[in-house]
Amino acid sequence: SKFQKILFIGFIAILAILVYAEATKKQPISWFPSYSKLDKIPLGTYVLHDLLSEEMGDRFVEVDRPPYEVLRDSTLRGTYFFLNNRIDFDRTEVEDILKWTKKGNHLFISASSLPKKISDTLLLETGEDYMVDNMGSEPLLNFTNKKLKSQDAYRIQKDFPVHYFEEIDTLNQTVLGQ
């Protein structure tokens with residue numbers, strides 16, 4: 001009947017509008033902590049990887065093997081760079097990395113948690129702050145370098161626990177941001 005056709009066309013039109021609205025709505029930001037060089041999300045490292053490989057050229061070497069395998073090469077010199085939410089080395093790897101750094105090499109670790117042996121060796125004590133009276137905690141971040149420091153701190157609009165150093169060896173360690 002004519003009424004059924006109008007009802008069917010109206011249903012199809014509403015369905016098409018809903019499909020269009022869903023397909024064109026802005027995608028929410030993914031805060032998944034991937035730390036992958038392929039991810040362009042806030043906790044991905046696509047931009048960092050691209051900048052480092054472009055800036056360093058042939059000196060930038062990616063390693064997909066564990067430290068105990070990589071550090072067997074006694075001619076290896078440079079900076080060993082680790083970036084992840086959690087870094088977890090076994091005792092042998094920690095000892096190999098520390099021997100390697102004693103030879104004048106550099107170690108850069110960016111992580112929320114470190115192996116106890118590294119924390120003890122580097123004389124670091126870390127803490128984590130939760131806002132007990134306020135269930136949300138949107139951290140404010142800024143650089144300590146005067147050339148990079150912003151007048152206003154950067155607000156991360158996502159609830160994160162705030163990780164910080166309770167104590168550091170100021171003669172041998174440099175704070176990059178707060």
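Along the sequence shown, the residues carry numbers beginning at 1. Please read these numbers as outputs of a predicted model, since none were measured by experiment.
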Check: Going from CG on L76 to NZ on K103, what distance comes out if it is rounded to the nearest 0.5 angstrom?
Finding: 9.5 Å

Margin query: How long is the straight-line distance from NZ of K40 back to OG1 of T45, given to the nearest 0.5 Å?
Written below: 12.5 Å

Check: Taking the side chain as C-beta and beyond, is there a heavy-atom pair between W100 and V70 under 4.5 Å?
Finding: no

Item checked: F108 with L48, same ILVMFWY side-chain cluster at under 4.5 Å -> yes

Margin query: Quick check against the 3.5 Å criterion: does S30 have a side-chain atom that pairs as donor or acceptor with the backbone of I41?
Written below: no

Item checked: Minimum heavy-atom distance P66-Y80, with the two atoms named -> C-OH, 4.4 Å

Note to self: Determine whether a donor-acceptor pair (N or O, by modelled atom type, separation under 3.5 Å) exists between the side chain of D96 and the backbone of Y68.
What the structure shows: no

Note to self: As an exercise, state the distance from CG of L171 to CG of L123, rounded to the nearest 0.5 Å.
What the structure shows: 10.5 Å

Note to self: With a 4.5 Å cut-off on side-chain heavy-atom distances among I, L, V, M, F, W and Y, is there a chain of contacts connecting L176 to L52?
What the structure shows: yes

Next item on the list: Output the distance between atom CG (L98) and atom NZ (K117), rounded to the nearest 0.5 Å.
Entry: 6.5 Å

Next item on the list: For R77 and N105, work out which heavy atoms get closest and say how close.
Entry: CA-OD1, 3.2 Å

Margin query: Go through it in stages, so that I can follow the logic: the residues are F82 and L107, the test is side chain to side chain contact (heavy atoms under 4.5 Å, CB included), and I'd like the CA-CA distance, side-chain angles, deciding distance and then a yes or no.
Written below: CA-CA 8 Å; F82 294 92; L107 174 65; 3.7 Å; yes

Check: Cluster partners of L7, using ILVMFWY side-chain heavy atoms under 4.5 angstrom, listed by chain and number?
Finding: F3

Check: Looking only at heavy atoms, which two atoms of N142 and Y154 are closest? And how far apart?
Finding: OD1-CE1, 4.0 Å

Next item on the list: Might you confirm whether atom OH of Y46 has over 12 heavy atoms from other residues, nucleotides or ligands at distances under 6.0 Å?
Entry: no

Note to self: Distance check, rounded to the nearest 0.5 Å: E128 atom CD versus E166 atom CD?
What the structure shows: 11.0 Å

Checklist line | Lys/Arg-Asp/Glu bridge criterion (N-O < 4.0 Å) met for E22, K25 | finding: yes

Item checked: Minimum heavy-atom distance R86-S113, with the two atoms named -> CG-OG, 3.1 Å

Notebook entry, point to check: ring pair (Phe, Tyr, Trp, His ring centres under 6.0 Å) with F60: which residues, sequence neighbours excluded?
Noted result: H49

Checklist line | Shortest non-hydrogen contact between W31 and L43, atoms and distance | finding: O-CD1, 3.3 Å

Item checked: Rounded distance [0.5 Å steps], CG in L124 versus CD1 in I118 -> 9.5 Å

Next item on the list: Please check if atom CD in Q4 has more than 12 non-hydrogen atoms from other residues, nucleotides or ligands closer than 6.0 Å.
Entry: no

Note to self: I need the single residue from S112, S34, S110 that forms a side-chain hydrogen bond (donor to acceptor under 3.5 Å, both in side chains) with N85. Which is it?
What the structure shows: S112

Next item on the list: Output yes when a side-chain donor or acceptor of S36 lies under 3.5 Å from a complementary backbone atom of L38, and no otherwise.
Entry: yes

Notebook entry, point to check: Between D152 and S150, is any side-chain donor less than 3.5 angstrom from a side-chain acceptor?
Noted result: no

Notebook entry, point to check: Looking only at heavy atoms, which two atoms of E93 and D90 are closest? And how far apart?
Noted result: N-OD1, 2.8 Å

Next item on the list: Look only at the side chain of T126 and the backbone of F165, and say whether a donor-acceptor pair between them is shorter than 3.5 Å.
Entry: no

Notebook entry, point to check: For I29, does the CD1 atom sit with more than 12 other heavy atoms under 6.0 Å from it, leaving out its own atoms?
Noted result: no

Item checked: Sub-4.5 Å side-chain heavy-atom contact between D169 and L122 -> no

Next item on the list: Could you state whether F81 and I97 fall into the same hydrophobic cluster, counting links through intermediate Ile, Leu, Val, Met, Phe, Trp or Tyr residues with side-chain heavy atoms under 4.5 angstrom apart?
Entry: no

Item checked: Single-linkage hydrophobic cluster I109~V175, side-chain heavy atoms < 4.5 angstrom -> yes

